[in-house]
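Read through the structure below, which is laid out as structure tokens, and then see the notes.
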Amino acid sequence: MKTIVFATNNAHKLEEVRAIVSGEINIVSLSDIGCHDDIPETEDTLEGNALQKAKYVKEHFGYDCFADDTGLEVEILNGEPGVRSARYAGDTHDSNANMDKLLSALEGKQNRKARFRTVIALVTNGNDEFFEGVINGQIIEDKRGKTGFGYDPIFVPDSYNETFAELGADIKNKISHRAIATRKFAERLKLVH
């Protein structure tokens, strides 16, 4: 089975991606390879940040690596919070503060269309590839649900009546933006290795 490094310190993301590719690819974390560095994310696009993280691991540790960056893009806010989704309310990565700021920005607005977009960058020997996953939905007015992370309690995917936080991991891991991008990425890895 192919082993590859996932350049993340986010335990939720690691667990989600491992569940999606269960039995197909052995995914190791940054701590598994002894990387405790604060990897920079200074680009202004999801693609740029994902590539920056994956290249950092390849250059400093020598492993084939993939990294993702995800943004919640709200139509009426011109795509915000977008690449700044995790730090929307400040650099503390506080999900509740981020949701509160977004709900405040949408107060009184009729158009609540939004989409989650994940970009995975894969860095192998001299090759950089990208895989994208998108899921459309709506931002609701109040937080609902106990599972998931980030903006999950306020995002209802199209064709569903429940938030990602209410749907639970089994359903989310089949339909989410990260699941779509990860499946494309896993298919590519199977072809390569």
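Because the structure is predicted, anything quoted here is derived from the model rather than measured. For this chain, numbers begin at 1 and follow the sequence in order. Values reported hereafter were calculated over all heavy atoms of this structure, with side chains retained and with hydrogens, waters and symmetry mates removed.
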Would you compute the distance between atom [atom1] of [X] and atom [atom2] of [Y] and round it to the nearest 0.5 angstrom?
| X | Y | atom1 | atom2 | result |
| --- | --- | --- | --- | --- |
| Cys35 | His60 | SG | NE2 | 9.0 Å |
| Lys53 | Cys65 | NZ | SG | 9.5 Å |
| Ile139 | Arg115 | CD1 | CZ | 13.0 Å |
| Glu80 | Tyr88 | CD | OH | 5.0 Å |
| Lys174 | Ile180 | NZ | CD1 | 14.0 Å |
| Lys113 | Asp158 | NZ | CG | 9.0 Å |

Derivation and outcome, side chain to side chain contact (heavy atoms under 4.5 Å, CB included), residues Phe6 and Arg18: CA-CA 10 Å; Phe6 184 10; Arg18 280 179 171 160; over 6 Å; no
Kindly give the heavy-atom pair with the smallest separation between [X] and [Y], and that separation in Å.
| X | Y | result |
| --- | --- | --- |
| Asn111 | Leu106 | O-CD2, 4.4 Å |
| Ala54 | Val123 | CB-CG2, 3.5 Å |
| Ile135 | Phe155 | O-CZ, 3.7 Å |
| Leu77 | Leu102 | CD1-CD1, 3.5 Å |
| Leu167 | Pro157 | CD1-CG, 3.9 Å |
| Gly34 | Phe61 | O-CE2, 4.1 Å |

Step-by-step side chain to side chain contact (heavy atoms under 4.5 Å, CB included) determination, Thr45 to Val83: CA-CA 6 Å; Thr45 64; Val83 73; 5.6 Å; no
Determine, using the 4.5 Å side-chain heavy-atom cutoff (strictly less than), whether [X] and [Y] are members of one ILVMFWY cluster.
| X | Y | answer |
| --- | --- | --- |
| Leu14 | Phe149 | no |
| Met99 | Leu72 | yes |
| Tyr151 | Ile140 | yes |
| Ile76 | Ile154 | yes |
| Phe185 | Ile175 | no |

Heavy-atom count check: over 12 atoms from other residues, nucleotides or ligands less than 6.0 Å from [X] [atom1]?
| X | atom1 | result |
| --- | --- | --- |
| Lys55 | NZ | no |
| Asn127 | CG | yes |
| Tyr56 | OH | yes |

Is there side-chain contact between [X] and [Y], with at least one heavy-atom pair below 4.5 Å?
| X | Y | answer |
| --- | --- | --- |
| Ile33 | Val57 | yes |
| Ile120 | Thr182 | yes |
| Leu122 | Phe131 | yes |
| Asp64 | Lys58 | yes |
| Thr8 | Leu30 | no |
| Leu103 | Glu141 | no |
| Thr3 | Val28 | yes |
| Lys143 | Asn96 | yes |

Looking only at atom types and distance, does a side-chain atom of [X] sit under 3.5 Å from a main-chain N or O of [Y], one as donor and one as acceptor?
| X | Y | result |
| --- | --- | --- |
| Asp37 | Ile39 | no |
| Asp32 | Ser29 | yes |
| Arg87 | Gly90 | no |
| Gln52 | Thr42 | yes |
| Ser176 | Asn173 | no |
| Glu166 | Thr163 | yes |

From CA spacing to verdict: side chain to side chain contact (heavy atoms under 4.5 Å, CB included), Thr147, Asp152: CA-CA 8 Å; Thr147 64; Asp152 287 357; over 6 Å; no
Do you see a donor-acceptor pair shorter than 3.5 Å between the side chains of [X] and [Y]?
| X | Y | value |
| --- | --- | --- |
| Glu43 | Asn49 | no |
| Glu132 | Thr118 | no |
| Ser95 | Asn98 | no |

Reference residue Thr70; test side-chain hydrogen bond (donor to acceptor under 3.5 Å, both in side chains); the match among His177, Arg178, Lys13: Arg178
Using a strict cut-off of less than 4.0 Å between a Lys/Arg side-chain nitrogen and an Asp/Glu carboxylate oxygen, indicate whether [X] and [Y] qualify as a salt bridge.
| X | Y | result |
| --- | --- | --- |
| Glu162 | Arg144 | no |
| Glu47 | Arg117 | yes |
| Asp94 | Lys101 | no |

Lys/Arg cation over aromatic Phe164: Lys172, 6.0 Å, 45° cone: yes
